[in-house]
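Working notes, beginning with the structure itself.
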Amino acid sequence: MSEKFTGSFTQQEPIPEDAIEAALAVLRHGRLHRYNVAEGEAGETALLEQEFAAQTGAKYCLAVASGGYALATSLRAVGVKPGDKVLTNAFTLAPVPGSIASVGAEPVFVEVTESLTIDLDDLAAKADMAKVLMLSHMRGHLCDMDRLMEICDAAGITVIEDCAHTMGAAWNGVLSGRHGAVGCYSCQTYKHVNSGEGGLLVTDDEEIAARAIMMSGSYMLYGRHLAAPGPEVFERVKYETPNISGRMDNLRAAILRPQLRDLGTQAERWNGRYRAVEEGLRGTPGLTVVERPAQEVYVGSSIQFLLLDWSEEAVQEVVRRCGARGVELKWFGTPEPVAFTSRYDSWRYAETPRLPQSDRILAGIIDMRVPLTFSLEDCAQIARIIRAEVSAVYQSA
Ligand SMILES: Cc1ncc(COP(=O)(O)O)c(C=O)c1O
């Protein structure tokens, strides 16, 4: 009898007890709205922003309703207008080009490499096509950020980092989200901290911060923020910045503050699991492990491997056989968007020429969640199952 995995790929850990206590305190006093505070009280949202700014070394921070809201707000705050073009990754997920489309702008997709990062040569070639790059650190893979910033600085491109999968990661000693003008994070259940929905935005630029705060619905109460620029900066932007409410509420902020304190420990636990799967897959004929560069500190909350240049049928057979043994794999080659997985040609609001290099790589990307509810033994078992099924299909091809 072949072994079968019985765990759930969508089951995250429970919310920690101290976060539950903090949430109950907010529920008991009832002041959930972001500006609803008692005399002398800062409020959970303002405190979360202050703490996340300190944690990332950013001057300013805004907590918002979702990662997608953080992305769209950043685009508006850096001055993207309807009709503008915005560079972004061909390998990413729907909220990223979606945020560009939501401000009336047009995504221009940049090819992906076999390292699953943005192709810097293609970026350099397209650098004159837009003034903003929405860089998605998709599935936690960081490109050579030093070279990327050189290309963008030389071309006068403003970089917004989508750190939905890289909260806690770093390149060459600099935290993800701190290379570009703005860093955007998601606190949605499948990310590195869990408030159901939620997002964070950090920047060192006072006008970007002031505009983002005004947009998030500050109702001229920006003086209550603890990670915001001074009133003179708001004076410059407050009459011309529209209100598009979306700041985080005190309940979700209360749940997040204790989790952010544990981020480092959680990242180590994720990486232990990631390495257990990776070790088990290494050396499987036909399967390419995505090697992580020495300059990269990553958080292995998911893992990807490549079945490069396999036929569609063979890849689908691997996904099917692993699924039958309880191992849920996602494939980026599927022509139709499936659940969270979609590809650049699924987003038909954008007119996109074919990207042959990305087509080849996307057709080989297999993606798997690694929730912390899995033990190291679970991860080893999952790798054994994948290895066996990949080998079986590869040998029969
Ligand atoms: C790569 C990427 N960027 C941005 C987001 C947006 O995050 P949220 O779901 O918090 O809007 C997601 C969410 O899945 C994502 O996967």
Side-chain angles (χ1 to χ4, degrees), residues 9-10 12 45 48 52 61-76 86-103 105 107 109-110 112 116-118 132-143 159-169 176-177 180 182-202 212 215-216 244-249 252-253 255-256 259-260 270 298-304 330-332 337-344 346-347 350 358 362 365 367-371:
F9 282 77
T10 51
Q12 304 290 31
T45 307
L48 166 70
F52 195 64
C61 175
L62 176 69
V64 294
S66 71
Y69 183 91
L71 297 176
T73 302
S74 302
L75 288 165
R76 288 193 179 96
V86 175
L87 292 157
T88 194
N89 309 58
F91 175 44
T92 185
L93 288 172
V96 178
S99 71
I100 297 170
S102 80
V103 302
F109 294 105
V110 182
V112 63
L116 305 191
T117 53
I118 193 162
V132 174
L133 166 66
M134 167 71 76
L135 174 66
S136 183
H137 302 303
M138 176 64 176
R139 289 295 185 250
H141 297 272
L142 291 169
C143 71
V159 178
I160 298 170
E161 291 181 69
D162 164 30
C163 307
H165 305 164
T166 54
M167 181 185 271
S176 166
V182 193
C184 300
Y185 307 80
S186 166
C187 310
Q188 179 241 62
T189 295
Y190 300 113
K191 305 301 192 303
H192 300 170
V193 287
N194 176 9
S195 58
E197 300 278 358
L200 289 156
L201 178 165
V202 296
M215 276 187 260
S216 73
I244 309 168
S245 291
R247 190 166 175 235
M248 188 180 282
D249 59 82
R252 284 185 282 174
I255 294 172
L256 288 172
Q259 293 184 59
L260 279 166
W270 258 305
Y298 59 90
V299 181
S301 52
S302 70
I303 190 163
Q304 294 69 44
K330 288 182 247 162
W331 177 44
F332 274 88
V338 179
F340 285 101
T341 310
S342 55
R343 32 178 291 157
Y344 74 89
S346 315
W347 311 314
S358 298
L362 290 169
I365 300 178
D367 175 38
M368 190 184 89
R369 282 201 175 112
V370 185

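When reading the values below, keep in mind they use all heavy atoms of this one structure, side chains included, and skip hydrogens, waters and symmetry mates. Whatever order the structure lists them in is the order used to number ligands and atoms, beginning at 1.
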Requested in this report: Have a look at Met138, Gln188, His137, Met134 and point out the one with the heavy atom closest to atom 9 (O) of ligand 1.
Outcome: Gln188
Geometry only, no angles: is [X] polar-contacting ligand 1 at N/O separations under 3.5 Å?
X      : result
Gly67  : yes
Ser186 : yes
Tyr69  : no

Requested in this report: Go through ligand 1 atom by atom and flag the ones less than 4.0 Å from a non-hydrogen atom of Pro95.
Outcome: 5 (C), 6 (C), 12 (C), 13 (C)
**Report entry** Atoms in ligand 1 with a heavy atom of Val96 nearer than 4.0 Å
**Finding:** 3 (N)
Shortest protein heavy-atom distance from [atom], along with the residue and atom involved:
atom                    : answer
atom 16 (O) of ligand 1 : His165 NE2, 2.8 Å
atom 11 (O) of ligand 1 : Gly68 N, 2.8 Å
atom 1 (C) of ligand 1  : Asp162 OD2, 3.3 Å
atom 13 (C) of ligand 1 : Lys191 NZ, 2.9 Å

Euclidean distance, [Y] [atom2] relative to [X] [atom1], rounded to 0.5 Å:
X      : Y      : atom1 : atom2 : result
Glu161 : Ser176 : CD    : OG    : 5.0 Å
Leu93  : Met138 : CG    : CE    : 3.5 Å
Met368 : Lys330 : CE    : NZ    : 10.5 Å
Leu201 : Ser216 : CG    : OG    : 9.0 Å

Requested in this report: Carefully, step by step, assess His165 and His137 under the rule side chain to side chain contact (heavy atoms under 4.5 Å, CB included).
Outcome: CA-CA 7 Å; His165 305 164; His137 302 303; 5.8 Å; no
Query - Beyond-backbone contact of Val299 with Met167, side-chain heavy atoms, under 4.5 angstrom - result: no
Requested in this report: Please examine the side chains of Leu71 and Asp162, heavy atoms only from C-beta on, and report whether any two atoms are closer than 4.5 Å.
Outcome: yes
Query raised in the report: For ligand 1, is Gly198 a contact, meaning one of its heavy atoms is under 4.0 Å away?
Result: yes
Query - Aromatic plane relationship, Tyr190 with Phe340 - under 30° parallel, 30 to 60° tilted, over 60° perpendicular - result: perpendicular
